[in-house]
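When reading the values below, keep in mind they use all heavy atoms of this one structure, side chains included, and skip hydrogens, waters and symmetry mates. Please read all numbers here as calculations on a predicted model, not as lab measurements.
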Amino acid sequence: VKMSEATVRTRKFMTNRLLARKQMVVDVLHPGAPTVKKTEVREKLARMYKTTPDTIFCFGFKTNFGGGKTSGFALIYDSLDHAKKFEPKYRLARHGLLEIKRAGRKQRKERKNRQK
């Protein structure tokens, strides 16, 4: 599936100076095509707002019933340092900017029981 079939539109655009970012609601129109990948949405937004895809965080996408239209949220940070400072750890992990280290399930349970 070519990305050219999907249209990316933004609305409710807001510049958030305190968090050094631009935030917006993203509407993706993809009639007759499956839901568009977040990486592709990021690339489209990067071209629209003349930045690099690594400073863009897309999340919360919901596809309308019957498909064809998906809406979500996007944050475009002024720099990668700002993104690392303000973004929650799990979203940084999705981008591969952060490694979340977790012990095995068994180890966690044993530690919990030892504290009792």
Evaluate the side-chain proximity of [Y] to [X]: yes if any heavy-atom separation is below 4.5 Å, no if none is.
X: Thr7; Y: Val28; result: no
X: Pro53; Y: Thr39; result: no
X: Met24; Y: Phe73; result: no
X: Leu29; Y: Thr70; result: no

Query raised in the report: Taking the side chain from Arg21 and the backbone from Leu75, do they hold a donor-acceptor pair closer than 3.5 Å?
Result: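 A pair under 3.5 Å: no.
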
Query raised in the report: Can any side-chain N or O of Asn64 pair as donor or acceptor with the backbone N or O of Gly67 at less than 3.5 Å?
Result: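 Absent.
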
Please give me the minimum heavy-atom distance between [X] and [Y], naming the atom from each residue.
X: Ala6; Y: Val36; value: CB-CG2, 3.7 Å
X: Thr52; Y: Thr55; value: O-OG1, 3.0 Å
X: Ala83; Y: Phe57; value: CB-CE1, 3.6 Å

Requested in this report: Scan for salt bridge (Lys or Arg N to Asp or Glu O under 4.0 Å) pairs involving residues 92-111, sequence neighbours excluded, and state none if there are none.
Outcome: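 Found none.
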
**Report entry** salt bridge (Lys or Arg N to Asp or Glu O under 4.0 Å) contacts touching residues 49-66 (sequence neighbours left out)
**Finding:** none

**Report entry** Any side-chain donor near an acceptor of the partner, Thr10 and Tyr49, under 3.5 Å
**Finding:**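 Present: a donor and an acceptor within the cut-off.
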
Query - Residues His30 and Thr35: side-chain donor-acceptor under 3.5 angstrom - result: no

Query raised in the report: Do you know which of Lys89, Arg91, Lys84 makes salt bridge (Lys or Arg N to Asp or Glu O under 4.0 Å) with Glu87?
Result: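 Output: one option passes, namely Arg91.
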
Query raised in the report: For Arg11, which residues count as a salt bridge (Lys or Arg N to Asp or Glu O under 4.0 Å) partner, sequence neighbours excluded?
Result: Asp27

Query raised in the report: Nearest 0.5 Å, what's the NZ-CD1 distance between Lys38 and Ile56?
Result: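 One gets 14.0 Å once the value is rounded to the nearest 0.5 Å.
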
Query raised in the report: How long is the span from the CG atom in Leu45 to the CD1 atom in Ile76, to the nearest 0.5 Å?
Result: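 These two atoms lie 5.5 Å from each other.
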
Report task. Determine whether Leu19 and Phe13 fall in the same hydrophobic cluster, where Ile, Leu, Val, Met, Phe, Trp and Tyr are linked whenever their side-chain heavy atoms lie under 4.5 Å apart. Result -> no

Query raised in the report: Honestly curious: do Leu92 and Phe59 fall in one hydrophobic cluster under the side-chain, below-4.5 Å linking rule?
Result: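 Same cluster: Leu92 reaches Phe59 through Ile, Leu, Val, Met, Phe, Trp or Tyr contacts under 4.5 Å.
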
Query raised in the report: Taking everything shown except Tyr90 itself, do over 12 heavy atoms lie less than 6.0 Å from its OH?
Result: yes

Query raised in the report: Under the side-chain contact (heavy atoms from CB on, under 4.5 Å) criterion, do His95 and Arg42 qualify, and how do the steps go?
Result: CA-CA 11 Å; His95 274 225; Arg42 277 166 59 190; 3.3 Å; yes

